[in-house]
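Structure, as structure tokens:
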Amino acid sequence: QLQASGGGLARAGDSLSLSCVASGRTFRDKAMAWFRQAPGLEREFVAAISQFTWIDGSTYYADSVKGRFTISRDNARNTVFLQMLNLRPEDTGVYYCAGGGGGRTVGDYVYWGQGTLVTVSS
């Protein structure tokens, strides 16, 4: 199971940090990702981190968040993080963490958390 937390209300330009704790199994052998879903829209890719963190390119981002968001993981704590800087109203949505084979699509991931809501006002 994946449990996401850290969402809340923010103003444009603010920062928030999300966490996702895995339980029930280790996820150190899985790529981990964050997706988000705004009301009325499809779930979209935000960021992902490979299980091979020592390799260049182990993290990758949607163009809309590149340079503002940072994904990281702590395998000892079975936790993945998403640091979000300089938030924009268009970052509003429910943020989901996911574990699986890696990639930029929903179908690339098997394990999903319940989501945490991020609301950014202008």
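As the structure is a prediction and not an experimental result, all values here were calculated from the model.
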Any idea which heavy atoms bring [X] and [Y] closest together, and the distance?
X: Tyr109; Y: Gly100; answer: CD2-N, 3.4 Å
X: Leu82; Y: Ala47; answer: CD1-CB, 4.2 Å
X: Ala22; Y: Phe27; answer: CB-CD1, 3.2 Å

Atom CE in Met84, atom CG in Leu16: separation rounded to 0.5 Å?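 Result: 4.5 Å between the selected atoms.
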Output for pair (Arg73 CZ, Ser50 OG), nearest 0.5 Å, gives 7.5 Å
Practice problem: Please confirm whether the backbone N or O of Gly93 pairs with a side-chain atom of Gln37, one donor and one acceptor, at under 3.5 Å? | Solution: no
Taking it one step at a time, do Phe69 and Tyr61 satisfy ring pair (Phe, Tyr, Trp, His ring centres under 6.0 Å)?
-> CA-CA 8 Å; Phe69 290 12; Tyr61 301 88; 8.2 Å; no
Audit row: Asn86, Arg88, side chain to side chain donor-acceptor pair (under 3.5 Å) steps and yes/no: CA-CA 7 Å; Asn86 192 19; Arg88 303 169 180 170; 5.6 Å; no
Side-chain atoms of residues 115-122: list all donor-acceptor pairs with protein atoms under 3.5 Å, sequence neighbours left out, distances to 0.1 Å.
unit_1	atom_1	unit_2	atom_2	d
Thr116	OG1	Gly7	N	3.1
Ser121	OG	Ala10	O	3.4

So the side chain to side chain donor-acceptor pair (under 3.5 Å) pairs with at least one residue in residues 1-17 (sequence neighbours excluded) are none
| said: I'd like to check the salt bridge (Lys or Arg N to Asp or Glu O under 4.0 Å) partners of Asp74; sequence neighbours left out, ordered by chain and number. | reply: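 Salt bridge (Lys or Arg N to Asp or Glu O under 4.0 Å) check on Asp74 returns Arg77.
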Quiz item: With a 4.5 Å limit on heavy-atom distance, are the side chains of Tyr95 and Cys20 in contact?
Solution: no
Is the shortest side-chain heavy-atom distance between Leu2 and Met32 below 4.5 Å? yes
